[in-house]
Structure formats: structure tokens, C-alpha cells
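Have a look at the structure below before the remarks.
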Amino acid sequence: MDLASNLGGKIEKTEVLSAVDKYEKYHVCYGGEEEERKANYTDMVNKYYDLVTSFYEFGWGESFHFAHRWNGESLRESIKRHEHFLALQLRLQPGQKVLDVGCGIGGPLREISRFSSTSILGLNNNEYQITRGKELNRIVGLDKTCNFIKADFMKIPIADNTFDAVYAIEATCHAPDAYGCYKEIFRVLKPGQYFAAYEWCMTDNFDPQNPEHQKIKAQIEIGDGLPDIRLTTKCLEALKQAGFEVISEKDLAADSPVPWYLPLDKSHFSLSSFRLTAVGRLFTKNMVKVLEYVGLAPKGSLRVQDFLEKAAEGLVEGGKKEIFTPMYFFLARKPVSDTDPDSN
């Protein structure tokens, strides 16, 4: 019932179907163009998260991301460790002020804050996710040390040199321009401090002339609200162009003992992450169908579940063919001498 009542986020329930129509038309599968998605990324991404957040929380819990995973490790354990790894790479110290760029409903924010005893501000442009995140912060008693700001990460409304650390988990892939996004992060980060991220990227194995590769990329884009999916090399170039010193970078999917896409693979079954499995997703689809039919879920809800299923198929195939990764990791440092690279 929580899933049904929250479907559509802040969109009026009577407007969900038209929002789905507009969202779908941004994408290649429905004749949309990349440039239009980039030009209207704020509207596209906001509609996406209004439509899908309840589904995400129902399936994933509070942290909407994949993780490097060891044999014998549960999905939940791997997700927490993935977040802790980021905190350790950032050298977080108690009392520091940290920015989470594209924070979702704040699952990683709360976990990293408790792990590192830091104060974290979550930046998000989706009002529904912020409202939900604040409620969850209050429930666990983190509302005094962690907060949210509604803003576009291409235009962060915060003074220069404010944060002791910045991180992004599978979020800045929504930016229409990696350089513009990283340049804003560079600006608000204190000199000498670190920015770490997990990026969604196409790998060097991706062939833009291969129709099957193109289809997989398009499935991921529509199913995950992305204007485009960049190559890992493009992210690296954008970081350096923004002024960062790259300390380390690696595709963590390459040596994950358990494939990152396993929870979504139709051949996999798990009771602990049942809702993410093919059987669990089929159960959810039928449940949403019934809820929509009897009027408890808004019209268009089943269409949302359908494009999320397309995303799952694209993610699994992209992972198996090693043309896509959701965990291209990098650690970058803002030089102590804060020289604007554009001035050279």
C-alpha cells in the first residue's frame, strides 16, 4: 500500500499518465533525441524520479545503487561496504562538512554520516525525494547533522571552498555535461580536499556502430533517466579539464567476484533480494496492474514498471557484454593552489 500511495511522487495522481507520455518521448525508443534530453534534463530527470522513486525504494531499500560484491556477501552488506569504501577513500574525519551530489532519498548519506561522524548535505533537484529523505533522517535521529538542499548540480547555490569532501554515487551520470558538473563540484570543494564518485559509463568495449550495443544503451537511458551515457575516458578528461588532480581511477566491476548485475539477472533467484529478481519484478508488475485497475495506483503506473523492466534487461546485457559499468570509481583532489584551469 505504501508503494501504491506514493507512486508518482509530487506529480498529481491524475497527471501521472501524461507525465509518463512526456518522459518516454524524450528517449530514442520513442523517437527522442539526445540533444533534446540534454536541453531538458531538469524536467526529464525530475519526471523520472517522481515516477520511479517508490519502485526503487520498494525494491532496493534506501540506497539506490549497485556494488562490488564478494562471494558469500549479501547485496545489502555489499551496498554498505561500497559506501564505506567511498568514505575511507575521502579520508573523512569526524565533524567535517560533506556534500552528497545527487543524494536520492539519502540512504548513502545516512550510512556514511554514521560511519564517519560527519555532517552531510544532500543535494537533489527532486522535491519528492527530499521530502522523503528528511522524513527518514528524522526517524533515525540524523535530522540535526544531515540535511538536504533542492538545487541543480550544474548550478550549485553554495559559496566557493565550502566543503571538506564531496562524493557522488551513480548520480552525476544525469548531468548533460560532465565538465560543467565537475567544475561546480571543484568550485565548492576546499583546496587540498577530495572528490570521489561512482559513475555510470560505457566502457572501451562499447561499439557505437553496433546496433545491439546501441539498443542496450538506449534501454538503460530510458529506464534510468539519462540524457546520455559517457565513456569512462570522457569522465576522466572532464575531471582534468575542471581542474582536478586524479589520484586513482578504476572500473570496480571488472574484478567483482559476484557480477554487479546478478540481482537483476533472470537466471538468479534470492530470497534476501527477492523484489529485485525476475520473479519478484513479475510479482510487482502484477500487483501494480491490480492496484491500477482498482484505482489505488494512478493510471500510468504499469507503464513506469515496464520501462524499469527495460532498464533491467539493458543493464544485465550491458554487464554481461562488459560494455557498461555502474561503478567507474575515481578519486580526485582539488589542488591547494586553487588556479582556475580556464585562466591558463
Side-chain angles (χ1 to χ4, degrees), residues 49 53 56-57 60-70 73-126 129-130 132-151 153 156 158 162-174 181-182 184-185 188-190 192-200 244 247-250 252 256 260 326-334:
Y49 279 112
T53 295
Y56 272 21
E57 193 173 353
W60 287 94
E62 296 176 21
S63 292
F64 309 156
H65 63 82
F66 295 99
H68 176 283
R69 188 172 169 190
W70 296 107
E73 187 177 38
S74 73
L75 178 62
R76 301 290 180 229
E77 289 170 339
S78 70
I79 284 174
K80 282 191 175 187
R81 182 173 56 78
H82 206 55
E83 293 164 358
H84 294 174
F85 173 80
L86 211 59
L88 292 168
Q89 292 296 307
L90 286 167
R91 288 94 160 147
L92 296 184
Q93 299 296 320
Q96 284 187 326
K97 189 174 181 180
V98 181
L99 179 66
D100 179 333
V101 177
C103 61
I105 61 171
L109 175 154
R110 286 180 289 278
E111 184 62 36
I112 291 173
S113 176
R114 286 179 292 212
F115 179 73
S116 60
S117 299
T118 50
S119 173
I120 305 182
L121 179 67
L123 186 148
N124 192 326
N125 211 16
N126 183 267
Q129 287 197 336
I130 288 176
R132 181 69 179 136
K134 286 182 175 180
E135 180 186 359
L136 292 169
N137 278 6
R138 181 186 55 76
I139 289 170
V140 298
L142 286 175
D143 49 320
K144 299 294 189 294
T145 55
C146 295
N147 206 347
F148 298 87
I149 180 172
K150 186 179 187 302
F153 49 40
I156 302 175
I158 294 171
T162 294
F163 294 100
D164 298 299
V166 180
Y167 68 85
I169 300 179
E170 301 182 18
T172 46
C173 50
H174 291 292
C181 180
Y182 296 162
E184 274 294 270
I185 290 168
V188 301
L189 182 63
K190 291 178 181 177
Q193 300 302 101
Y194 297 92
F195 166 43
Y198 297 125
E199 280 282 13
W200 280 34
F244 283 106
I247 306 299
S248 62
E249 52 88 21
K250 182 180 182 181
L252 297 184
S256 180
W260 60 267
M327 55 187 80
Y328 176 59
F329 166 78
F330 59 74
L331 177 68
R333 180 174 175 268
K334 180 175 179 176

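Heavy-atom basis, side chains included; hydrogens, waters and symmetry copies ignored. We count residues from 1, following the sequence as given.
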For a quick test of reading the model, state the closest non-hydrogen atom pair linking [X] to [Y] and the distance between them.
{"X": "G192", "Y": "R333", "value": "O-NE, 3.5 Å"}
{"X": "F153", "Y": "A171", "value": "CE2-O, 3.8 Å"}
{"X": "F329", "Y": "S248", "value": "CE2-OG, 3.8 Å"}
{"X": "K190", "Y": "T162", "value": "CE-O, 3.3 Å"}
{"X": "L92", "Y": "T118", "value": "CB-CG2, 4.1 Å"}
{"X": "G133", "Y": "F148", "value": "C-CE1, 3.4 Å"}

Charged tip of K97 within 45° of F163 ring normal and under 6.0 Å: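 Ring-cation test returns yes.
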For the side chain of [X] and the backbone of [Y], is there at least one donor-acceptor N/O pair under 3.5 Å apart?
{"X": "R76", "Y": "W60", "value": "yes"}
{"X": "S119", "Y": "T145", "value": "yes"}
{"X": "N124", "Y": "G104", "value": "yes"}
{"X": "R91", "Y": "Q89", "value": "yes"}
{"X": "R81", "Y": "H68", "value": "yes"}

Taking atom types as modelled, is there a side-chain donor on E111 or S63 under 3.5 Å from an acceptor on the other?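 There is no such pair (donor and acceptor under 3.5 Å, judged by atom type) between the side chains of E111 and S63.
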What's the verdict on ring-ring contact (aromatic ring centres under 6.0 Å, His included) for F244 and F195, showing C-alpha distance, side-chain angles and the deciding distance? CA-CA 9 Å; F244 283 106; F195 166 43; 5.5 Å; yes
Run the side-chain contact (heavy atoms from CB on, under 4.5 Å) check on H174 and N125 step by step: do they pass? CA-CA 11 Å; H174 291 292; N125 211 16; over 6 Å; no
Roughly how far, to the nearest 0.5 Å, is [atom2] of [Y] from [atom1] of [X]?
{"X": "R132", "Y": "Q129", "atom1": "CZ", "atom2": "CD", "value": "11.0 Å"}
{"X": "T172", "Y": "E170", "atom1": "OG1", "atom2": "CD", "value": "10.0 Å"}
{"X": "I120", "Y": "C103", "atom1": "CD1", "atom2": "SG", "value": "10.0 Å"}
{"X": "I185", "Y": "K334", "atom1": "CD1", "atom2": "NZ", "value": "11.5 Å"}
{"X": "N147", "Y": "N137", "atom1": "CG", "atom2": "CG", "value": "7.5 Å"}
{"X": "L123", "Y": "K150", "atom1": "CG", "atom2": "NZ", "value": "10.0 Å"}

side-chain hydrogen bond (donor to acceptor under 3.5 Å, both in side chains) for S78 and E73? Distances and angles first, verdict last. CA-CA 6 Å; S78 70; E73 187 177 38; 4.8 Å; no
Please verify the inter-ring angle class for F66 with W260; under 30° counts as parallel, over 60° as perpendicular, anything in between as tilted.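 Rings of F66 and W260: perpendicular, as their planes differ by over 60°.
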F85 vs Y198 aromatic rings, parallel, tilted or perpendicular, using cut-offs 30° and 60°?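 Answer is parallel, since the angle falls under 30°.
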Please report the C-alpha distance between H65 and I79 in whole Å, then the side-chain angles of each, then the deciding distance to 0.1 Å, and finally whether the side-chain contact (heavy atoms from CB on, under 4.5 Å) criterion is met. CA-CA 7 Å; H65 63 82; I79 284 174; 3.5 Å; yes
Check whether any side-chain heavy atom of [X] sits under 4.5 Å from a side-chain heavy atom of [Y], and report yes or no.
{"X": "V140", "Y": "R114", "answer": "yes"}
{"X": "E184", "Y": "V101", "answer": "no"}
{"X": "L75", "Y": "R69", "answer": "yes"}

Evaluation steps, side-chain contact (heavy atoms from CB on, under 4.5 Å), between I112 and L90: CA-CA 11 Å; I112 291 173; L90 286 167; over 6 Å; no
